[in-house]
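The structure under discussion appears below in the form of structure tokens.
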Amino acid sequence: MQVIEYKCPNCGSSMVFDSATGMLSCHSCGRKDNIEQMPDPLAKQTFSEDEAQEYHCLSCGAVIITDAETTATVCSFCGSGVVLGDRLTGKLAPAKVIPFSIGKQEAIQAFKKWCRNGRLTPAGFMTADRIKSMTGMYVPFWLYNLDNHIEVQAQGTKVRVYTQGDYQITETQHFEVYRKIRLNYAKVPVDASEKMKDELMDKLEPFPYDQLKTFKTAYLAGFIAEKYNQTDEELLPRAKEKISDYIEAYIRSSMAGYTAVTYTGKHIDTRAKHTDYVLLPVWVVHYDYNKLEHTFAMNGQTGKVVGKPPISKGKVAAWFAGVSGCSLLSLKLISWMMGGGFW
Ligand SMILES: [Zn+2]
Ligand SMILES: [Zn+2]
């Protein structure tokens with residue numbers, strides 16, 4: 001069991017990653033350290049995997065409550081950022097990380113704006129408690145480099161219509177078309193945590209991959225991080241699915257010269273040439289409203305916000321009533337349109 005905590009060499013406080021400067025910083029005395037130049041405490045360490053699942057905070061000694069996927073968290077007693085080293089080594093060692101560049105205050109402002117945009121959010125939805133639950137989370141992703149060998153057979157036609165004397169002539173030429181294409185896609189991201197909804201994570205893209213840094217545990221200090229629970233082999237089909245539309249579009253464009261094309265054979269062989277385990281930054285607000293359907297999530301590097309604010313059925317009905325001065329009958333109609341559950 002290894003708990004990593006960054007104590008300030010000046011004052012002994014717990015240091016955390018600072019998204020504004022990209023440095024490890026001490027909120028007590030203001031010291032800042034450049035992470036890229038720091039030695040990584042996990043370098044050359046090995047851990048046995050079968051020890052008891054109990055971690056203690058180095059600052060206060062309290063037991064750190066985590067679930068099996070957590071790799072970094074905050075001590076619930078003293079607030080120190082703690083990194084669980086043994087869950088970040090060996091096969092579980094991330095290759096790279098995109099650090100947060102958007103801070104918690106910015107994320108909270110974005111969340112408030114998002115709530116206001118859903119003008120009809122249920123009363124009490126945007127409570128202080130909920131705002132406090134704004135969590136900076138490193139979500140595990142696989143980044144695939146996919147090499148595609150593609151062979152396509154098709155019958156193509158070229159149609160030419162022209163006039164000769166009194167006649168309009170339609171000339172149709174037939175072609176056997178064969179294409180052999182090699183396509184490479186680099187850094188195709190697939191979220192590797194079952195907890196995060198795939199569609200939500202897809203919408204947070206793109207992440208700026210020029211911001212990828214060599215992984216160091218200090219980037220996680222003060223944040224929540226998870227380890228993958230689906231392997232790159234398991235998720236390869238999803239990576240393939242993500243590029244399939246691009247491949248189809250490329251094949252079509254390679255036959256753009258024909259009036260019509262009928263495919264007679266298509267073979268796509270996709271191989272993962274290289275896969276990197278990376279951690280990508282996401283701000284999330286957790287709550288149980290409607291089974292995560294309305295989760296607020298924000299790309300921690302670009303600021304892109306996804307998710308739909310919830311709309312209260314009761315408020316919608318009242319709003320409709322206000323707009324149209326309508327009768328009980330139309331309220332019932334609205335109730336029916338909305339699934340009826342509220343009535
Ligand atoms: Zn300090
Ligand atoms: Zn503690």
Side-chain angles (χ1 to χ4, degrees), residues 1-43 45 47-89 92-94 97 99-108 128-140 193 195 213-227 279 281-287 300:
M1 298 283 98
Q2 192 193 10
V3 176
I4 301 162
E5 215 188 295
Y6 290 89
K7 293 266 193 207
C8 175
N10 294 348
C11 73
S13 297
S14 183
M15 297 179 86
V16 292
F17 176 74
D18 174 49
S19 53
T21 56
M23 296 170 106
L24 190 67
S25 71
C26 174
H27 289 325
S28 298
C29 73
R31 181 190 166 104
K32 289 192 169 30
D33 288 327
N34 186 332
I35 294 174
E36 282 166 59
Q37 282 154 19
M38 288 170 59
D40 200 68
L42 293 181
Q45 289 211 35
F47 299 90
S48 65
E49 282 179 21
D50 49 21
E51 287 176 76
Q53 299 282 310
E54 192 168 282
Y55 300 87
H56 291 269
C57 174
L58 299 179
S59 290
C60 74
V63 172
I64 293 160
I65 316 286
T66 75
D67 62 26
E69 267 70 51
T70 307
T71 58
T73 188
V74 174
C75 172
S76 45
F77 292 91
C78 74
S80 298
V82 289
V83 178
L84 309 180
D86 53 327
R87 293 178 179 179
L88 290 160
T89 51
L92 295 171
V97 56
F100 279 86
S101 67
I102 290 181
K104 188 168 196 164
Q105 283 314 312
E106 261 178 278
I108 287 172
D129 261 11
R130 192 150 281 138
I131 290 172
K132 257 196 286 177
S133 78
M134 176 67 68
T135 305
M137 188 168 173
Y138 283 102
V139 179
S193 156
K195 263 186 220 162
K213 312 262 189 216
T214 301
F215 177 74
K216 297 262 180 85
T217 50
Y219 288 116
L220 309 187
F223 291 86
I224 306 291
E226 298 252 306
K227 69 182 173 65
L279 300 179
V282 179
W283 285 106
V284 279
V285 173
H286 281 300
Y287 51 92

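Atoms within each ligand, like the ligands themselves, are counted from 1 in listed order.
Here 4 is the count of protein N, O or S atoms positioned under 2.8 Å from the Zn ion (ligand 1), waters not counted.
Leu220 is listed as a side-chain neighbour of Leu88, based on a closest heavy-atom distance under 4.5 Å. The side-chain heavy atoms of Pro99 and Lys213, taken from C-beta on, include a pair separated by under 4.5 Å. In this structure, the side chains of Val97 and Lys216 stay at 4.5 Å or more apart for every pair of heavy atoms. When side chains are defined from C-beta on, Val63 counts as touching His56, because their heavy atoms get closer than 4.5 Å. Taking 4.5 Å as the limit, some side-chain heavy atom of Ile102 sits within range of a side-chain heavy atom of Trp283.
For the Zn ion (ligand 2), protein N, O or S atoms closer than 2.8 Å were enumerated as Cys57 SG, Cys60 SG, Cys75 SG, Cys78 SG, with waters left out.
With sequence neighbours excluded, no residue satisfies side chain to side chain donor-acceptor pair (under 3.5 Å) with Ser193.
Remark: the Thr71 side chain and the Tyr138 side chain contain no N/O donor-acceptor pair separated by less than 3.5 Å.
Ring to ring, Phe100 and Phe17 are not that close: their centroids are 6.0 angstrom or more apart.
A salt bridge (Lys or Arg N to Asp or Glu O under 4.0 Å) check over residues 12-27, counting only residues at least two apart or in different chains, returns nothing.
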